[in-house]
4 protein chains.
Amino acid sequence: MVRYKKEEREQFLSRTRQLLLDSAAEEFAHKGYAEANINHISKSAGFAKGTIYNYFASKEELFLDLLVTTAEQHIEEIIAYVNQEDDPRRRLERFFEAGFAFVSQNLARTRVLINTTYGPNPDFKLQLYQAYQSLFQYVSRQIVALGIDEGIFREVEPNSMGTLLMTIYLGTASQVSEDGQIWLDPKQVADFAWHALRK
Amino acid sequence: MVRYKKEEREQFLSRTRQLLLDSAAEEFAHKGYAEANINHISKSAGFAKGTIYNYFASKEELFLDLLVTTAEQHIEEIIAYVNQEDDPRRRLERFFEAGFAFVSQNLARTRVLINTTYGPNPDFKLQLYQAYQSLFQYVSRQIVALGIDEGIFREVEPNSMGTLLMTIYLGTASQVSEDGQIWLDPKQVADFAWHALRK
Amino acid sequence: MVRYKKEEREQFLSRTRQLLLDSAAEEFAHKGYAEANINHISKSAGFAKGTIYNYFASKEELFLDLLVTTAEQHIEEIIAYVNQEDDPRRRLERFFEAGFAFVSQNLARTRVLINTTYGPNPDFKLQLYQAYQSLFQYVSRQIVALGIDEGIFREVEPNSMGTLLMTIYLGTASQVSEDGQIWLDPKQVADFAWHALRK
Amino acid sequence: MVRYKKEEREQFLSRTRQLLLDSAAEEFAHKGYAEANINHISKSAGFAKGTIYNYFASKEELFLDLLVTTAEQHIEEIIAYVNQEDDPRRRLERFFEAGFAFVSQNLARTRVLINTTYGPNPDFKLQLYQAYQSLFQYVSRQIVALGIDEGIFREVEPNSMGTLLMTIYLGTASQVSEDGQIWLDPKQVADFAWHALRK
DNA sequence: TATGAATGAGAGTTCATTCAT
DNA sequence: AATGAATGAACTCTCATTCAT
């Protein structure tokens with residue numbers, strides 16, 4: 001999968017900023033936004049409390065930065081991997097494979113994504129909603145609608161099905177143990193989705 | 001659906017306690033546990049800030065009380081409604097119908113349930129997990145396994161499918177507008193699930 | 001010793017008031033004035049929270065009532081017992097005997113007296129100081145000055161010695177175990193005082 | 001007496017911490033532990049209310065710190081001064097001299113010590129009891145037992161007499177006016193003790 | 001007289017943020 | 001760029017007191 005992207009990014013971001021974001025991901029994942037402690041994030045990253053404010057204007061900006069950059073990587077990696085296949089059924093499988101792989105490799109960050117998606121803060125939810133529009137449209141068009149066009153999937157409404165697939169992905173991906181093991185298998189979930197969509 | 005239960009309960013609970021719980025549901029739903037303001041809950045319910053502590057020992061106890069009683073009603077109403085049918089396919093429909101109806105009628109409370117299910121606090125999650133064991137088992141056995149036994153559903157693993165159905169329910173039920181309208185239709189979702197499970 | 005006094009008093013005080021004072025003595029003894037809980041006192045006495053305000057205007061009045069009535073009994077019992085002897089040396093012994101006996105029989109109440117004597121509140125201390133003037137003068141005149149007059153004690157300053165004897169009494173009386181046992185023996189302490197004063 | 005110790009210590013303690021402890025001593029002395037106001041302590045020391053928590057974890061820790069460091073200095077100064085003499089009678093004098101001097105020079109701090117010694121909180125009392133073990137043993141052995149060994153004092157039980165001397169010290173030392181004047185003279189008290197112990 | 005629900009001032013404590021060094 | 005002392009708003013919780021019943 002697309003590993004090199006991350007290293008590339010780190011060259012542009014200062015190392016300190018990167019360390020702070022990593023620390024922030026852990027803290028936000030375990031405490032949630034409201035109970036996360038900014039000082040603790042800075043300390044965990046190996047800096048004094050004040051340092052974090054040289055990189056982020058506020059707790060909220062730090063959080064949003066984490067949210068958006070994670071979403072970008074997330075989408076990028078999934079789409080890149082799914083795009084390598086043309087067959088809609090294989091694309092369905094790859095969607096869950098790439099998605100689950102991203103979760104396993106970015107535990108803290110994805111916990112933050114999921115907490116926020118289902119959390120109470122409407123501003124944060126809006127940010128995420130906008131960030132994920134491109135993935136949502138990709139799934140609706142390049143997987144569901146494509147399958148219908150090719151006569152493999154039933155004549156369903158692509159947007160509703162896209163929503164459902166995203167929902168299933170997020171719901172199953174959130175059932176993850178501390179060590180990164182996801183309860184369900186991507187094959188299993190993809191198979192479920194395949195039966196739901198097949199003609 | 002089982003409406004009378006609620007009124008019955010109110011006769012045993014003091015009116016003040018009930019008002020406080022209603023107020024708490026709104027506050028927790030919109031702010032989340034951490035940012036909910038206990039004094040504000042009491043004031044919204046029409047009492048002074050100290051009053052809430054005559055009924056609940058702490059913010060946490062108030063929250064857990066809300067969580068557990070909501071879960072109990074939730075499960076009770078769904079199972080009662082599903083049980084009126086014997087056919088697995090109809091049960092599947094009724095599961096989503098009853099579930100979505102409960103959400104529409106208990107907007108704040110269900111937002112709290114969902115926030116908590118996908119939230120960062122492991123203690124709260126454990127409480128919910130335990131509370132929902134009975135519904136999970138009902139779905140796995142009295143819907144999925146029943147359908148397999150009757151030769152209507154594919155030979156799937158009932159527990160995994162139970163998990164998936166619960167996931168789909170929670171995920172779709174969380175996509176609700178301020179006025180209680182759920183994005184997707186229960187029929188649509190039930191239909192999706194039916195295709196996924198049918199032989 | 002003077003036991004009947006207590007019963008007499010109880011006939012004038014309502015039983016409820018007496019129970020509340022007993023409860024208050026325990027609470028104040030173990031928690032101190034500031035951390036004593038008025039509701040808890042009322043409940044311990046077997047009444048609801050509000051009841052205590054039918055008998056005492058405020059926490060402070062309750063406390064002062066307890067303080068003053070205890071001091072009165074305390075002084076009364078000591079003087080009555082010491083007065084039965086004429087010899088200054090025997091009076092010295094009886095002073096400590098009666099004092100220690102009162103402490104053993106009124107553990108909670110004397111703890112309150114001592115806490116308050118050495119405590120930070122100047123108003124309370126003044127109340128006690130005034131209440132104990134008569135005992136202080138009794139000790140200075142009817143024990144110390146008497147001993148000097150009779151040529152048994154050294155030519156000391158009676159007031160200073162009165163202060164010292166009271167100090168020794170309070171200090172030793174405060175060293176008491178939970179079950180009412182005082183560390184030192186009244187004989188021992190009296191003997192010490194006797195040697196300090198003898199010609 | 002050993003004055004330089006204090007200045008030395010201040011070099012290791014931050015100035016802020018020292019100011020906070022001084023402020024705390026005043027507040028605890030005048031209000032007692034329970035009614036002392038943490039915010040007020042910080043303000044009195046010239047800081048915002050939150051500042052105190054940069055130096056002490058809680059009100060209790062602040063109090064215990066004050067208690068223990070005061071006890072240490074107290075013991076240190078008394079023993080250092082008494083040790084300069086070998087004669088038991090002179091040691092007795094010096095004990096009260098050094099003790100009264102410490103009280104006069106550390107009014108607030110000693111009020112806290114005495115309040116706590118005779119106060120209701122068993123945890124605080126235990127802390128003090130342990131802190132003063134060394135002084136108690138010093139008095140029992142290096143003053144009382146020494147005097148007996150040298151044939152100057154009566155054949156008394158050293159521990160009981162140690163207790164009595166400490167009691168007298170604390171009791172008389174607590175009778176101090178606002179401006180630091182102690183009611184009794186150390187000579188007077190030492191003379192009293194001397195007569196009580198002499199052969 | 002007894003009750004206990006309701007009150008609201010006030011306390012200890014947390015922590016995002018600022019800023020002089 | 002990094003530090004960490006200082007800040008003060010905001011929060012949860014306690015409890016003496018009131019009062020309608």
Side-chain angles (χ1 to χ4, degrees), chain A residues 14-17 20 31 33-43 45-63, chain B residues 14-17 20 31 34-43 45-62, chain C residues 14-17 20 31 33-43 45-63, chain D residues 14-17 20 31 34-43 45-62:
Chain A
S14 94
R15 172 152 179 72
T16 302
R17 190 183 172 95
L20 289 169
K31 303 289 183 62
Y33 176 77
E35 298 202 329
N37 184 318
I38 276 280
N39 297 345
H40 188 229
I41 291 172
S42 221
K43 289 294 187 70
F47 300 95
K49 340 188 218 233
T51 302
I52 208 163
Y53 286 93
N54 293 330
Y55 293 87
F56 304 94
S58 65
K59 187 184 186 179
E60 188 167 344
E61 281 217 2
L62 166 63
F63 184 73
Chain B
S14 92
R15 171 149 179 74
T16 303
R17 190 185 171 96
L20 289 168
K31 303 290 184 63
E35 298 202 329
N37 183 317
I38 276 278
N39 296 346
H40 188 232
I41 291 173
S42 218
K43 288 293 189 72
F47 299 96
K49 62 180 172 165
T51 301
I52 204 162
Y53 287 96
N54 294 335
Y55 295 87
F56 303 94
S58 64
K59 186 183 186 179
E60 187 167 346
E61 282 215 3
L62 166 63
Chain C
S14 94
R15 172 149 178 74
T16 303
R17 190 184 171 94
L20 289 169
K31 302 290 184 62
Y33 176 77
E35 299 201 329
N37 183 319
I38 277 280
N39 296 345
H40 189 229
I41 291 172
S42 220
K43 288 295 188 69
F47 300 94
K49 332 189 225 232
T51 302
I52 208 162
Y53 286 93
N54 294 328
Y55 294 87
F56 304 93
S58 66
K59 186 182 185 180
E60 187 167 344
E61 281 216 3
L62 166 62
F63 185 74
Chain D
S14 92
R15 172 149 178 76
T16 303
R17 189 184 171 98
L20 289 168
K31 302 290 184 63
E35 298 202 328
N37 183 317
I38 276 278
N39 296 344
H40 188 231
I41 292 173
S42 219
K43 288 294 189 71
F47 299 95
K49 60 179 169 164
T51 301
I52 207 164
Y53 287 95
N54 293 335
Y55 295 87
F56 304 94
S58 64
K59 187 182 187 180
E60 187 168 344
E61 281 216 3
L62 167 63

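Computed from a prediction, not measured in an experiment: that's the story for all the values here.
For D/Ala34 and C/Asn54, each mapped to the nucleotide of DNA chain E holding its nearest heavy atom, the one lying further toward the 5' end belongs to C/Asn54. Ranked by how close their nearest DNA chain E nucleotide is to the 5' end, D/Thr51 and C/Thr16 are led by C/Thr16. When each of D/Phe47 and A/Phe47 is assigned the nucleotide of DNA chain F with its nearest heavy atom, A/Phe47 is the one assigned upstream, toward the 5' end. Looking at which nucleotide of DNA chain F each of C/Tyr33 and D/Lys49 is closest to, the 5′-most match is held by D/Lys49.
Between the P atom of F/dA2 and the CG atom of A/Asn39 lies a distance of 16 Å, rounded to the nearest Å. Look at CG on A/Leu20: it is 12 Å from C1' on F/dA1, rounded to the nearest Å. Across the protein-nucleic acid pair, D/Glu35 atom CD and F/dA16 atom C1' stand 12 Å apart, rounded to whole Å. The nearest whole Å value for the distance from the CZ atom in D/Arg15 to the C1' atom in F/dG4 is 19 Å.
Counting any heavy atom pair closer than 4.0 Å across all strands shown, B/Asn37 reaches sugar-phosphate atoms only and no base atom. When heavy atoms are screened at a 4.0 angstrom cut-off, D/Ala36 is found touching the sugar-phosphate backbone but no base atom. Base engagement by A/Tyr53 is indicated by at least one non-hydrogen atom pair under 4.0 Å involving a base atom.
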Could you summarise the pairing of DNA chain F as dot-bracket text, marking Watson-Crick and G-U pairs under 3.5 Å with ( ) or [ ] inside the strand and | across strands? .||||||||||||||||||||

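Of all the heavy atoms in A/Lys59 and A/Tyr33, the pair that sits closest is NZ-O, 2.9 Å. Of all non-hydrogen atoms in B/Lys31 and B/Glu35, the two that sit nearest each other are O-CB, 3.5 Å. Residues D/Ile41 and D/Leu20 come closest through the heavy atom pair CG2-O, 3.8 Å. Here the shortest heavy-atom pairing between C/Thr51 and C/Ser42 reads CB-OG, 4.1 Å.
C/Ile52 contributes atom CD1, which lies 12.0 Å from atom NZ of C/Lys43 (distance to the nearest 0.5 angstrom). From B/Glu61, atom CD reaches atom OH of B/Tyr55 across 15.5 Å, with rounding to the nearest 0.5 Å. Rounding to the nearest 0.5 Å gives a distance of 5.0 Å between CG of B/Asn39 and NZ of B/Lys49.
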For a side chain to side chain contact (heavy atoms under 4.5 Å, CB included) check, start with the C-alpha distance between C/Asn54 and C/Thr16, then their side-chain angles and the critical distance, and finish with the verdict. CA-CA 10 Å; C/Asn54 294 328; C/Thr16 303; over 6 Å; no

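Near DNA chain E, meaning a heavy atom under 4.0 Å away, the residues from residues 56-63 of chain A are A/Ser58, A/Lys59.
Where DNA chain E meets chain B (any atom under 4.0 Å from a heavy atom), the bounding nucleotides read 5' to 3' are E/dA5 to E/dG10.
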